[in-house]
Protein chains: 2
Amino acid sequence: MNTLDKISKHLNSFSKSERKVAEVILAAPQTAIHSSIATLAKMADVSEPTVNRFCRRLDTKGFPDFKLHLAQSLANGTPYVNRHVEEQDGPDAYTAKIFESTMACLDNARQSIDTVLINRAVDILTQANQISFFGLGASSAVAHDAQNKFFRFNVPVICFDDVVMMRMSAINSTEGNVVVLFSHTGRTKHLVDVARLARENDATVIGITSADSPLAQECHLVLSMDVPEDTDVYMPMASRIAQLVLVDVMATGFTLRRGNKFRENLKRVKDSLKDSRLNKDGFNAVL
Amino acid sequence: MNTLDKISKHLNSFSKSERKVAEVILAAPQTAIHSSIATLAKMADVSEPTVNRFCRRLDTKGFPDFKLHLAQSLANGTPYVNRHVEEQDGPDAYTAKIFESTMACLDNARQSIDTVLINRAVDILTQANQISFFGLGASSAVAHDAQNKFFRFNVPVICFDDVVMMRMSAINSTEGNVVVLFSHTGRTKHLVDVARLARENDATVIGITSADSPLAQECHLVLSMDVPEDTDVYMPMASRIAQLVLVDVMATGFTLRRGNKFRENLKRVKDSLKDSRLNKDGFNAVL
DNA sequence: AAATTTTACGTAAATTTTTTACAAAACGTG
DNA sequence: CACGTTTTGTAAAAAATTTACGTAAAATTT
């Protein structure tokens, strides 16, 4: 989160001296990041340790670390802020807010993701002789989407949003099968069971879920992203989008790994759709 | 100018040891800004003054100042001017590019959308006695997602990704039924047929598709967004995400229209999921 | 309202980090 | 090969940051 906003937000929870520091920084943040702790202390008319304590209160390691954070938030051109929808918002307001907070979450997600793990996931997927995508509830749409993408690669793909089918499929796993599980919380019992089953039957299990969750513990590989779920609206929103983008990333990694020849394949799949399309005039069957 | 770029640009004009420093920083800039000069020197296998001289060569006052500059240029983001994924991109590069281009597309979409039409769509949806979401191919995932969202509103919801079922459902439409069709191109013949059928049977037809497409012509209301589809990769990517966000927007408009009392309902749906969740310990069934 | 505990703040010392000064090594050049 | 130049490292100095601790102020209790 933006450090500068954070400061003005916490302004009341600061002590008297700490607020003096906060005000000096808010008044001239550019000056603040180029000052030493001594200079800043003098400007705020407080002692140096007070400045240091101020920094610690904002979850930084110390003064230099704080300056780093501040510098980043100053540079941050991100016009994307996570804003919450409010009761009295009109269509204009809530549309803008939802788009923007989605973009903000994607930005977060991008920064929090480990590309080394992505690469490993792509490794695993390219070597799979069958890929299964499982998701329940809101994540089932993600699983379907993944199926749609990977199907184009001419790899055997399975997708279930039904626990019983998942279990059957998991039990029949063999080595070389890869099971990808989507779950934002990673705490859905049934899905954790499925992960264990698949694992016990020699499948490689990849979890797109939150780190340290029960589901994560059952996976061979966990891809987690830092996406704060919108708690005020009781629906999964941004987490789902982030997962979809992650699917795009993996699909892209997949095609890149397979090389140029492979991309011809994709084109063929796309061309095969043309017969079912209308052209601009609206009636000619073949484009 | 971007410090990171500056480093890679000046790479040849550095001396042997300085280049070692440059390479270490380029390899892991995030690590670099959180390290002391001593740590960085050890990583680059050079002496501390060498690191300091390196910083000065890049027109900074010293090491701390350099870290500040670097932090800013990292926060500034978009080191990737070219948004298209290229053959030789590594996981880092293509991950960043896909996230960034997705965000850029959402930004476009937001600016191109007509909130008046969104408001009208919400009007229609709140008055529906049944909502059907239809989508084929990549858009079927969007339809599923919409079903998942609107299902929580305790409204009769239907979702099909199968042409035959769609037709049957469309034929059985009555007044008060709302049919929402997802299609990026708006040129899928079967879907255009379904739209006409539904319309002929007194359903209200909403199309989430591109303006002026054959599908758009069959709809009572068209929500279109300006999302340039990635033509070099043969997969729908950003268009789909934009549609999903649009679903979020409509769902949000829906809840706002229904008011506070209604939001209790959402909470109840969410609470009902708790029994199937594991808590932090991993085994307690009821939260 | 006084006493006691808690919290906030500053002084001074310790530590860490960065910078400077200088010398040795490497490099190129006549 | 000797000279000058540039580059690099060592060690010491300087600067900056952090810690430890004591006092003052505020809050809480009696």
Side-chain angles (χ1 to χ4, degrees), chain A residues 3 6-74, chain B residues 3 6-74:
Chain A
T3 307
K6 210 166 169 180
I7 295 174
S8 39
K9 193 156 202 171
H10 286 210
L11 212 60
N12 334 350
S13 67
F14 288 137
S15 71
K16 200 167 46 172
S17 302
E18 280 170 351
R19 188 169 318 168
K20 282 202 258 180
V21 179
E23 274 157 11
V24 168
I25 292 170
L26 287 174
Q30 283 294 350
T31 313
I33 60 171
H34 290 111
S35 310
S36 72
I37 197 168
T39 321
L40 194 64
K42 211 181 288 175
M43 284 198 288
D45 193 32
V46 298
S47 71
E48 295 165 28
T50 300
V51 177
N52 199 281
R53 281 187 284 259
F54 168 85
C55 298
R56 293 247 167 87
R57 200 166 298 274
L58 275 92
D59 303 320
T60 62
K61 238 193 127 269
F63 184 66
D65 189 42
F66 168 77
K67 284 206 289 190
L68 240 52
H69 280 255
L70 187 58
Q72 292 205 326
S73 91
L74 286 179
Chain B
T3 307
K6 209 166 170 179
I7 295 173
S8 38
K9 194 157 201 168
H10 287 206
L11 212 61
N12 332 349
S13 67
F14 289 136
S15 70
K16 199 167 46 172
S17 299
E18 280 169 350
R19 187 170 317 169
K20 281 202 257 180
V21 178
E23 274 158 10
V24 168
I25 291 170
L26 287 174
Q30 282 293 351
T31 311
I33 59 171
H34 290 111
S35 310
S36 72
I37 197 170
T39 322
L40 196 62
K42 210 180 289 174
M43 284 199 287
D45 193 32
V46 298
S47 71
E48 294 164 29
T50 300
V51 177
N52 200 285
R53 282 187 285 260
F54 168 86
C55 297
R56 293 245 168 86
R57 199 167 299 273
L58 275 92
D59 304 319
T60 62
K61 234 192 130 273
F63 183 67
D65 189 42
F66 167 77
K67 284 205 289 189
L68 241 52
H69 280 257
L70 187 58
Q72 292 205 327
S73 88
L74 285 180

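Lettering of chains follows the sequences in order, A, B, ..., and the numbering in each one begins at 1.
Using a distance-only test at 3.5 Å, with no hydrogens or angles considered, a donor-acceptor pair links the side chain of B/Lys67 to the main chain of B/Ser35. Under a 3.5 Å cut-off, the side chain of B/Thr60 and the backbone N or O of B/Cys55 do form a donor-acceptor pair.
Aromatic ring orientation, A/Phe54 versus A/Phe66: perpendicular (interplanar angle above 60°, classes split at 30° and 60°).
The base-pairing partner of D/dG4, taking Watson-Crick or G-U wobble contacts with both distances under 3.5 Å, is C/dC27.
Taking all atoms of both residues into account, the shortest heavy-atom contact from B/Met43 to B/Val24 is O-CG2, 3.8 Å.
Taking the side chain as every heavy atom from C-beta outward, A/Leu68 and B/His34 approach each other to under 4.5 Å.
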*Along nucleotides 4-20 of chain C, 5' to 3', which nucleotides get a B, which get an S, and which get a -, given that the test is a protein heavy-atom distance under 4.0 Å?*
----SBBBB-----BSB
